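What follows is a single structure, written as structure tokens, with notes after it.
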Amino acid sequence: MDSYVSPNVYFGYEFSQVVSKLSPDDQTVLKQRCVQFLKVLLKQLQQRLPKNVQILEKFEPRIIDKINIQWNNLTNIKWLQTDKTFLFWKEVCEYRDASETNPFEELCTLTMRLLVLPWSNADVEQLFSQMNQSDVIK
């Protein structure tokens with residue numbers, strides 16, 4: 001998983017503005033800690049969703065750069081559906097430019113794969129809890 005995380009992550013405009021007020025050494029330390037946090041987060045997601053990681057592994061590293069460019073270009077269009085996540089991404093995935101192509105195709109593919117992943121295992125944990133309670137009752 002470490003090979004998929006670039007040490008030069010762009011954390012956004014607001015982050016850059018706040019960090020610019022720090023000393024260069026503090027900037028480096030803060031950015032390194034943020035990247036380390038992202039690596040830990042990715043590892044924890046991988047542990048929680050081992051079967052679903054196969055969905056994400058289908059993306060080749062060269063496509064990641066394309067997705068990053070598409071992500072940065074999202075703000076160049078005035079989207080109508082910004083209140084609900086699914087409706088927003090539906091609009092993005094249905095968008096067509098003047099050449100009738102979707103300039104966000106790879107980003108849409110990734111997003112749709114992410115949106116179908118279970119983000120919580122609460123149902124499974126609740127089932128195990130109920131099973132444990134029934135064992136205690138017996």
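None of these values were measured; they are calculated from a predicted model. Values below: all heavy atoms of this structure, side chains included; hydrogens, waters and symmetry mates excluded.
Counting only distance, with no hydrogens or angles, the side chain of Q81 and the backbone of L87 share no donor-acceptor pair below 3.5 Å. Not a single donor-acceptor pair under 3.5 Å links the side chain of T101 to the backbone N or O of D97. The closest donor-acceptor contact from the side chain of N102 to the backbone of R96 lies at 3.5 Å or more, if one exists at all.
The number of heavy-atom neighbours closer than 6.0 Å to CD of E14, taken from other residues, nucleotides and ligands shown, is 12 or below. At most 12 non-hydrogen atoms from other residues, nucleotides or ligands lie less than 6.0 angstrom from CD of E105.
Interatomic distance, CD1 of I67 versus CG of N72, reported as 12.0 Å (0.5 Å rounding). In this structure, K90 NZ and L115 CG are separated by 13.5 Å, a value rounded to the nearest 0.5 Å. Rounding to the nearest 0.5 Å gives a distance of 6.5 Å between CG of L110 and CD1 of I64. Separating the CD1 atom in I69 from the CD atom in E106 is a distance of 10.0 Å, to the nearest 0.5 Å. Note that CG of L107 is 12.5 Å distant from CD1 of I63, once rounded to the nearest 0.5 Å.
Cluster annotation: Y10 and V35 are assigned to distinct hydrophobic clusters (Ile/Leu/Val/Met/Phe/Trp/Tyr, side-chain heavy-atom contacts under 4.5 Å, transitive). In the hydrophobic clustering of ILVMFWY residues, with side-chain heavy atoms under 4.5 Å counting as a link, L38 and V29 come out apart. Clustering ILVMFWY residues whenever any of their side-chain heavy atoms sit less than 4.5 angstrom apart, transitively, puts M112 in the very cluster that holds F104. By the rule that hydrophobic residues join a cluster once side-chain heavy atoms approach within less than 4.5 Å of another member, I77 and L74 end up as members of one cluster. Note on V18 and L30: separate hydrophobic clusters, where clusters join Ile, Leu, Val, Met, Phe, Trp and Tyr whose side-chain heavy atoms are under 4.5 Å apart, directly or indirectly.
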ask   = What's the verdict on side chain to side chain contact (heavy atoms under 4.5 Å, CB included) for K31 and V9, showing C-alpha distance, side-chain angles and the deciding distance?
value = CA-CA 8 Å; K31 288 180 182 179; V9 175; over 6 Å; no
request  = Could you please spell out the steps behind the side-chain hydrogen bond (donor to acceptor under 3.5 Å, both in side chains) verdict for S23 and D25?
outcome  = CA-CA 5 Å; S23 71; D25 289 341; 5.5 Å; no
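Residues Y95 and C108 have side chains not in contact (no heavy-atom distance under 4.5 Å, counting atoms from C-beta outward).
Note: W71 and W89 have parallel aromatic rings, judged against thresholds of 30 and 60 degrees for the angle between ring planes.
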